[in-house]
Chemist: 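The structure follows.
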Amino acid sequence: MFIIGELINGMYSDIALAIKNRDKKIVQDSALKQIAAGAEALDLSCGTASRNPQADMPWLVETVQEVTAKALCIDSGKPEVIREGLKAAKNPAIINSTTADPEKLKILIPLAAQYRAKLIGITIDNRGIPQNKEQRLELAAVIISHAEEEGFPVSDLYLDPIVMPVNVAQNQMQDILEAIREFRILSEPSPKTIIGLSNVSQGAKLRGLINRTFLTMAVASGLDSAILNPEDKELMDTLITAELILNKNIYCDSYLEAYRKK
Ligand code: THG
């Protein structure tokens, strides 16, 4: 599982304040802590409070690059913000994200190719969030066909079925899990799959339990990557154990410690 740390996000008040005050230490400490906890890449989002994300995103990129060479996942709905982030990036980059809207695909696929970035494609279009598996697969196919037309490697494409909070969209969880499994058979070579895990428990009381249960089910459905909180130790232990049971690591009595020393 490719783990992307979610915590450098302007939706958190400490990060929003650090961005505003250009306080590098808060952001760099978060980066190092998430990596120590097992993150292989870091999601960077200015959040909706940012009044100048085109300046804030490259500042985040430069600040994090001072302390790590890990991949950076440039998280914005605005292509012009993503472009500024990519210009500043020396580390490997992941664009987070394009939707299935042709106008966005036409900008972001060539941008990903130009910067040799991986690309996250979320299965949304101008009609909004899909209500079932079939709509998710339809939008995934649109994203894949645009990538193929542009000669963008589909193996560098991460499809995101859009995880909804279980307390508002309980009847969609099964569809989301099935979409993860079925995205992989839409093309050869397969696209990869990704989710924003914490979405599933937003507004709910037992967040940790819901997150780790959903992650286990998604891993069993073949999930390749997740944006999550790596500082949640129970979540990480659950993930390592799920992958053990799927025979991705070799069992020993101290497999949790052995995995963390890798
Ligand atoms: N897919 C993709 N990218 C994404 C998401 C996705 N990026 C953003 C988001 N979803 C993933 N990141 C988070 C980060 C935090 C939370 C949820 C998803 C979260 N935060 C607390 C909350 O809202 O309750 C904030 C608490 C606080 O303010 O302190 O849950 O799905 N491609």
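Counting convention: from 1, in listed order, for ligands and their atoms alike.
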Chemist: Between Met11 and ligand 1, which part of the residue brings a heavy atom under 4.0 Å of the ligand: side chain, backbone, both or neither?
Modeler: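 For Met11, the contact with ligand 1 is made by both the backbone and the side chain.
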Chemist: If we only count N/O pairs under 3.5 Å, is Asn199 in contact with ligand 1?
Modeler: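 In this structure, Asn199 places an N or O atom under 3.5 Å from an N or O of ligand 1.
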Chemist: Please round to the nearest 0.5 Å and tell me the distance separating atom CD1 of Ile120 and atom CG of Asp75.
Modeler: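 The CD1 atom of Ile120 sits 7.5 Å away from the CG atom of Asp75.
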Chemist: Ile176 vs Phe214, test: side chain to side chain contact (heavy atoms under 4.5 Å, CB included). Steps then yes/no.
Modeler: CA-CA 11 Å; Ile176 292 166; Phe214 189 72; 4.1 Å; yes
Chemist: For atom 5 (C) of ligand 1, which candidate among Pro161, Gly196, Ser198 holds the nearest heavy atom?
Modeler: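 Nearest heavy atom to atom 5 (C) of ligand 1 lies in Gly196.
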Chemist: Mark the output for Val163 as yes if a heavy-atom distance to ligand 1 is under 4.0 Å, and as no if none is.
Modeler: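 The answer is no: ligand 1 sits nowhere under 4.0 Å from a heavy atom of Val163.
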Chemist: Do any nitrogen or oxygen atoms of Asn96 lie less than 3.5 angstrom from nitrogen or oxygen atoms of ligand 1?
Modeler: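 Right, the criterion is met.
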Chemist: Sort out for me which residue in Thr241, Asn249, Ile250 forms a side-chain contact (heavy atoms from CB on, under 4.5 Å) with Tyr255.
Modeler: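 In the set Thr241, Asn249, Ile250, the residue that makes a side-chain contact (heavy atoms from CB on, under 4.5 Å) with Tyr255 is Thr241.
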Chemist: Using a strict threshold of under 4.0 Å (side-chain N to carboxylate O), is an ion pair present between Asp224 and Arg184?
Modeler: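 A salt bridge is present here (some side-chain N lies under 4.0 Å from a carboxylate O).
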Chemist: Checking Ser201 against Asn211: is there a side-chain donor and acceptor pair closer than 3.5 Å?
Modeler: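 Judged by distance alone, the side chains do pair up.
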Chemist: Show me which atoms of ligand 1 lie under 4.0 Å from any heavy atom of Ile120.
Modeler: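 What qualifies from ligand 1 is 32 (N).
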Chemist: Looking at ligand 1, does any of its N/O atoms fall within less than 3.5 Å of an N/O of Asp160?
Modeler: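 N/O-N/O distance under 3.5 Å: yes.
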Chemist: For atom 13 (C) of ligand 1, which protein heavy atom lies nearest, and how many Å away is it?
Modeler: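 Here the closest protein heavy atom is Glu6 OE1, 3.5 Å.
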Chemist: About how many Å separate OG of Ser187 and CD1 of Ile143, when rounded to the nearest 0.5 Å?
Modeler: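 Taking CD1 in Ile143 and OG in Ser187, the distance rounds to 12.0 Å.
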Chemist: Using modelled atom types only, decide if a donor and an acceptor are shared between the side chain of Gln28 and the backbone of Val67 within a distance under 3.5 Å.
Modeler: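 Flag not set: sc Gln28 to bb Val67 has no pair under 3.5 Å.
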Chemist: Can you tell me which residue and heavy atom of the protein come closest to atom 23 (O) of ligand 1, and the distance to 0.1 Å?
Modeler: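 Sorting protein heavy atoms by distance from atom 23 (O) of ligand 1 puts Gln202 NE2, 3.1 Å first.
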Chemist: How does Asp75 reach ligand 1, by side chain, by backbone, by both or by neither, if only non-hydrogen atoms under 4.0 Å count?
Modeler: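 It is the side chain that gets close, since no backbone atom is under 4.0 Å.
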Chemist: Identify the residue among Leu44, Asn52, Val27 that makes a side-chain contact (heavy atoms from CB on, under 4.5 Å) with Trp59.
Modeler: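 Of all the options given, the one that passes is Val27.
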Chemist: Short list, please: which atoms of ligand 1 are under 4.0 Å from a heavy atom of Arg207?
Modeler: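 The list of qualifying atoms is 19 (C), 21 (C), 22 (C), 24 (O), 30 (O).
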Chemist: Around atom 15 (C) of ligand 1, find the nearest protein heavy atom and jot down its residue, atom name and distance.
Modeler: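 Protein heavy atom at minimum distance: Tyr12 OH, 3.1 Å.
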